[in-house]
Amino acid sequence: MKSALHLPLIAALLLPSAAAAATCSAKGDGFDGWLAGYKGDLTKAGVAQSVVDSALAGVSFDPAVIKKDRGQGVFSQTFAQFAGRMVNSNRLQVGAQKIAKNADLFARIEQQYGVPAPVIVAVWGLESDFGANTGTFPTLQSLATLAYDCRRPVMFQNELVDALQIVARGDLTPEQMKGAWAGELGQTQFLPSNYVKYAVDFDGDGRRDLIKSSADVLASTANYLHSLGWAAGQPWLVEVNIPGELPWDQADLEIKKPVSEWQNMGITGANGSIPAGDAALYLPMGRYGPAFLAYHNFDVYLGWNESLVYSTTAAYFATRLAGAPPVGKGNGVVEALGAPDIAFIQKALAGQGMDPGPIDGKLGLKTRLAVRAFQIKAGLPADGWPDSALLSALR
Ligand code: CA
């Protein structure tokens with residue numbers, strides 16, 4: 001389908017919507033009036049009337065989307081808990097079958113984008129169980145609801161405009177656009193903005209179809225990871241054994257050293273030799289838990305999803321699909337604090353003038369960096385993992 005529009009410009013023209021800010025309500029009162037005005041704005045800005053009509057006809061405010069938006073649970077699982085649940089024997093088996101069955105396709109994808117099959121398949125498995133669960137929320141309705149809602153209207157008005165672009169260029173019909181509650185689409189759950197930027201037509205039918213076409217899905221995922229900086233032929237995460245004593249403050253994703261320096265400190269490969277390169281010592285659960293060397297490509301995972309636990313799990317899943325054995329338990333007993341304790345720690349660290357990020361009970365990268373800074377100050381082993389010794393020191 002030929003489109004006369006330049007939708008990215010339209011986003012700039014329409015945003016931020018004063019109308020939405022003035023009228024939005026969590027119950028959706030006023031939604032229909034807002035949508036009518038918004039449709040008018042879209043056509044005035046150059047979106048084809050036919051696209052606006054087909055995409056937004058019959059779209060209503062969806063309270064279920066708002067409920068999901070307000071109800072996002074605290075993600076307080078550790079890497080071991082989350083990976084134990086997500087990287088199960090069924091997913092490993094199906095993932096290996098997918099790789100074997102699509103060997104030619106993956107070879108072509110790796111040649112073009114530099115991303116190997118296990119990395120793509122691990123993401124595919126985590127995001128939608130290899131395409132089995134892509135979501136049932138009507139995307140345009142979800143996005144319109146969130147574009148109207150007061151919490152993040154600008155972001156979702158942009159996503160809605162990008163979703164219209166997907167319709168306008170004929171990749172998906174409005175009816176085909178079903179996905180996650182927040183508008184993520186397809187077998188690896190692309191937000192419409194990423195769909196517009198990174199989706200590719202790899203099966204050659206002229207459409208970028210991330211819902212039904214596995215070839216399009218897998219190549220687009222590789223294209224996105226490539227654009228985030230994936231380095232071809234390089235490792236991402238390699239499990240290591242660590243000695244009982246180390247300068248723990250050096251275990252930081254932002255401190256990369258040549259592998260030989262880590263080896264000089266007594267670090268050895270858990271499964272044979274360690275690939276050369278620069279890597280960070282990464283202790284996802286502190287000094288008593290599993291240990292990895294994280295290479296540049298691990299940073300690419302954090303570009304895909306900023307959650308450390310998700311990224312570590314996706315990267316670990318990929319190592320398993322690439323042949324690594326199950327991760328070891330580490331050198332001792334890991335203490336895992338619950339969300340209320342994490343929130344207390346965040347508050348206390350913020351009170352000390354540090355920046356642990358939002359006080360939300362989630363153990364993200366910022367909180368871990370602030371924990372480590374406090375551990376250094378307090379003379380505690382500075383592995384960035386909050387434990388009862390840290391709690392006592394902060395109390
Ligand atoms: Ca296609």
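Counting starts at 1 for both ligands and their atoms, following the listed order.
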Identify every side-chain donor-acceptor pair in residues 136-145 under 3.5 Å, counting partners at least two apart or on other chains, and give the distances.
residue : atom : partner : partner atom : Å
Thr139  : OG1  : Met177  : O            : 3.0
Gln141  : OE1  : Ser60   : N            : 2.9
Gln141  : OE1  : Ser60   : OG           : 3.3
Ser142  : OG   : Pro138  : O            : 3.2
Ser142  : OG   : Trp181  : O            : 3.3
Thr145  : OG1  : Asp62   : N            : 3.0
Thr145  : OG1  : Gln141  : O            : 2.8

In residues 378-393, what donor-acceptor pairs under 3.5 Å come from side-chain atoms, sequence neighbours left out?
residue : atom : partner : partner atom : Å
Asp383  : OD1  : Gln375  : NE2          : 3.4
Asp383  : OD1  : Trp385  : N            : 3.1
Asp383  : OD2  : Arg287  : N            : 2.7
Asp383  : OD2  : Arg287  : NH1          : 3.1
Trp385  : NE1  : Glu335  : O            : 2.7
Asp387  : OD1  : Ala389  : N            : 3.3
Asp387  : OD1  : Leu390  : N            : 3.0
Ser388  : OG   : Glu335  : OE1          : 3.1
Ser388  : OG   : Glu335  : OE2          : 2.8
Ser392  : OG   : Ser388  : O            : 2.8

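Residue Asp205: an N/O/S atom is found under 3.0 Å from the Ca ion (ligand 1). The Ca ion (ligand 1) lies at 3.0 Å or more from every N, O or S atom belonging to Gly206.
For an aromatic pair to be called close, the ring centres must be under 6.0 Å apart, and Phe298 with Phe292 fails this.
A ring-ring contact (aromatic ring centres under 6.0 Å, His included) with Trp230 holds for exactly one of Tyr224, Trp304, Trp236; it is Trp236.
For Asp216, the N, O or S atom closest to the Ca ion (ligand 1) goes by the atom name OD2. The atom name of the N/O/S atom in Asp203 closest to the Ca ion (ligand 1) is OD1. Checked against the Ca ion (ligand 1), the N, O or S atom of Asp201 at the shortest distance is OD1.
Stacking of Arg395 on the aromatic ring of Phe344 is recorded, both the 6.0 Å distance cut-off and the 45° axial limit being met.
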